[in-house]
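Step one of this worksheet: look at the structure below.
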Number of protein chains: 2
Amino acid sequence: MEHQRDRDDLDTVLGKALAVLRAFGPADSVLPLAELVRRTGLAKGTAHRVAGDLVHHRLLDRTEHGYRLSGGLFELGLRAAAERTLVELAMPFLQDLYERTHETVHLGVRQGGEVLYLTKIGGHRQARTPSRTGGRMPVHCTAIGKVLLAHADEEELTAVLSGPLERRTPRTVVAPGLLRRQLAKAVEAGVAYEYEESTQGLLCVAAPVLEPDGRTAVAAISVTGPVGRFRPEPHANTVRSAAAALGAVMAGRSRG
Amino acid sequence: MEHQRDRDDLDTVLGKALAVLRAFGPADSVLPLAELVRRTGLAKGTAHRVAGDLVHHRLLDRTEHGYRLSGGLFELGLRAAAERTLVELAMPFLQDLYERTHETVHLGVRQGGEVLYLTKIGGHRQARTPSRTGGRMPVHCTAIGKVLLAHADEEELTAVLSGPLERRTPRTVVAPGLLRRQLAKAVEAGVAYEYEESTQGLLCVAAPVLEPDGRTAVAAISVTGPVGRFRPEPHANTVRSAAAALGAVMAGRSRG
DNA sequence: CGACGGCGTTCCGCTCAGCGGTACGCTGTT
DNA sequence: AACAGCGTACCGCTGAGCGGAACGCCGTCG
């Protein structure tokens, strides 16, 4: 079905354009035309024209070495209302967290089986995390992911648990039963932890930002630090109350 | 010529799609179809289909009351390499500034005669600024704008100075001569100030992030606070050195 | 209450925008 | 000198996309 959609989408102009834009992964900065052709499966001539059109519409920049997602796209993305207000409202709380811990602070949402990081703030001495603003990570091996999954409906939960759980490090939890127990505990405690499950040397606490109903989670906040100088448990309370406060603000906002 | 482009662009699928996306201003969260029709000038049927396609491609969300820019677009925008690395590298310095001042901190770039704000960080008690992440302001009445304009080439400078300078507040500098003198001083001092020129009750200092050549500015950093508790001058040094340090980091990055 | 205006949606036949195979010129590499 | 990979340019066929028209559904008038 995914195949199906990919193929169908390439039959429309818009589909082709998006295929080109989405050919850029979180790590790619500039891609030559040939690479775009390879990744999208478009005909060379077509890719050339589409890319040209995208440049004309300021979604791509032309550089010496190929194409690059442009500032116009960045700006457009920043107009997305839901995500932006979330980030804006969260900022003061994230600042507080950073100031107290001086460790890396994340704000993320769940998209299916992955976490999308909306913001990441940190100082000069921040831990070397693989996460990036706009990047993704699997839900099952990150604190944010676990706490969001814990508040998802049963259906989505089992979908993730029954899928394969990729082993990222020796400590990644890949046993569905164990993970399920951890999630139950996370709901109870109001926080989830990660102990080097996505990346060696990284520890993390996360708390959910809940809707007024107290069940569904719209986002999650986390603090991440390196093994050695950082222990997540002492920050559980801080993170939890920051997330709760943000939830309250958002509830007030959507009502008023 | 702008007219020309608008009309031409509506003759292509991509143009229509972009017209719809760009119909969303920084302040709009959800727009009904009829409004999209009005703003884009597309035929009703066409707008309907294009919007539908955009939903299918996850650039728009369909809601009860109309369409909304979606998280997919947000994510895509965050992939724009140049802007994102700028934000990422800047973050630690912005944090430092915030921690020292506890006032609103901005990172912005210039796009023609306007400033585009890439990031805005602040705490709970931040001044009520009209700026928003992803938002724009005229160059001539903001500290960031002035310091960026001051480092632009003569051509661009005169273009802005010869255009009409919109009066935003009683203190907005609308005299080209005076503005030019301020800019000259800003280059010399390494910072520009704003005294309630864009918004009543707001003061601001900004410093440029320069290329290794020491001339062209790629971005600018500012600290903004409310008249009364905040004086910009004492922070000139801090802002200037933060911007300089960021410039150095970026220079090192692009070389290595 | 009936007429009306604005809304979102659907339909359909015409046409030209877009398609992609083909070919070319330019590099570096073998 | 032959080659391989790149970006670019050309061009005739065709179906994707176009937009005018018509429809059903509300509210809001007179």
Side-chain angles (χ1 to χ4, degrees), chain A residues 3-25 27-70 73 81-82, chain B residues 3-25 27-70 73 81-82:
Chain A
H3 274 206
Q4 184 64 13
R5 228 194 81 208
D6 286 2
R7 186 154 266 139
D8 285 356
D9 286 359
L10 285 188
D11 279 16
T12 147
V13 198
L14 215 57
K16 286 182 240 266
L18 276 188
V20 169
L21 292 181
R22 296 211 221 263
F24 289 81
D28 307 305
S29 85
V30 38
L31 298 179
L33 181 60
E35 185 59 27
L36 290 178
V37 169
R38 238 169 274 128
R39 297 196 187 189
T40 57
L42 291 172
K44 214 204 302 189
T46 307
H48 183 252
R49 182 172 35 79
V50 170
D53 290 352
L54 287 172
V55 169
H56 174 251
H57 288 287
R58 350 219 75 176
L59 296 188
L60 286 184
D61 283 339
R62 187 87 229 249
T63 78
E64 229 182 334
H65 306 289
Y67 298 90
R68 190 179 60 182
L69 295 180
S70 89
L73 191 60
Chain B
H3 276 203
Q4 185 63 14
R5 227 194 82 209
D6 287 1
R7 186 154 265 140
D8 285 355
D9 285 359
L10 286 188
D11 280 15
T12 146
V13 199
L14 215 58
K16 286 181 240 265
L18 262 282
V20 168
L21 293 180
R22 296 210 222 263
F24 289 82
D28 307 303
S29 86
V30 38
L31 297 178
L33 181 61
E35 185 58 28
L36 290 178
V37 169
R38 237 169 276 129
R39 298 195 187 190
T40 57
L42 292 173
K44 215 204 300 192
T46 307
H48 183 254
R49 181 174 34 82
V50 170
D53 290 352
L54 287 172
V55 168
H56 173 251
H57 288 289
R58 349 219 76 171
L59 296 187
L60 287 184
D61 283 338
R62 188 85 229 247
T63 77
E64 229 182 335
H65 306 289
Y67 299 90
R68 191 179 59 185
L69 296 179
S70 89
L73 191 60

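Since we're looking at a predicted model, the values are computed, not measured. In what follows, every chain begins at residue 1, and chains take the letters A, B, ... in the order their sequences are listed.
For A:Lys44 against C:dG20, a side-chain-to-base donor-acceptor contact under 3.5 Å is absent.
Counting 5' to 3', DNA chain D first comes under 4.0 angstrom of a heavy atom of chain B and last does so at the ends given by D:dG17 to D:dG19.
An OP1 or OP2 oxygen of C:dT9 is reached within less than 4.0 angstrom by a side-chain nitrogen or oxygen of B:His48. Proximity of A:Thr46 to the phosphate of C:dG18: no side-chain N or O atom is located under 4.0 Å from OP1 or OP2.
If you take CG of B:Leu10 and P of C:dA17, they are 14 Å apart, rounded to a whole angstrom. To the nearest angstrom, P of C:dT9 lies 13 Å from CG of B:Asp53. With rounding to whole Å, B:Leu36 atom CG is found 12 Å from C:dC7 atom P. Between the CG atom of B:Leu42 and the C1' atom of C:dT9 there is a distance of 16 Å, given to the nearest Å. Across the protein-nucleic acid pair, B:Leu33 atom CG and C:dT10 atom P stand 12 Å apart, rounded to whole Å.
If you run side chain to side chain contact (heavy atoms under 4.5 Å, CB included) between B:Tyr67 and each of B:Val20, B:Leu33, B:Asp61, only B:Leu33 comes through.
Residues A:Glu35 and A:Leu14 both approach DNA chain D. Their nearest nucleotides, taken by heavy-atom distance, put A:Glu35 toward the 5′ side. Nearer to the 5' terminus of DNA chain D, by closest-nucleotide assignment, is the contact made by A:Tyr67 (compared with the other of A:Tyr67 and B:Val50). If you find the closest nucleotide of DNA chain C to A:Arg49 and to B:Arg38, the one lying nearer the 5' end belongs to B:Arg38.
In this structure a side-chain-to-backbone donor-acceptor pair under 3.5 Å is present from B:Ser70 to B:Arg58. In this structure, B:Thr40 contributes its side chain and B:Ala19 its backbone to no donor-acceptor pair below 3.5 Å.
The nucleotide whose nearest atom lies closest to any side-chain atom of A:Ala43 is, among C:dG8, C:dG20, C:dG18, C:dG20.
With salt bridges taken as basic N to acidic carboxylate O contacts below 4.0 Å, one links B:Arg39 and B:Asp28.
The side-chain heavy atoms of B:Leu60 and B:Leu21, taken from C-beta on, include a pair separated by under 4.5 Å. Looking at A:Leu18 and B:Leu59, their side chains come closer than 4.5 Å, going by heavy atoms from C-beta outward.
Taken to the nearest 0.5 Å, the CG atom of B:Leu69 stands 11.5 Å off from the CZ atom of B:Arg22.
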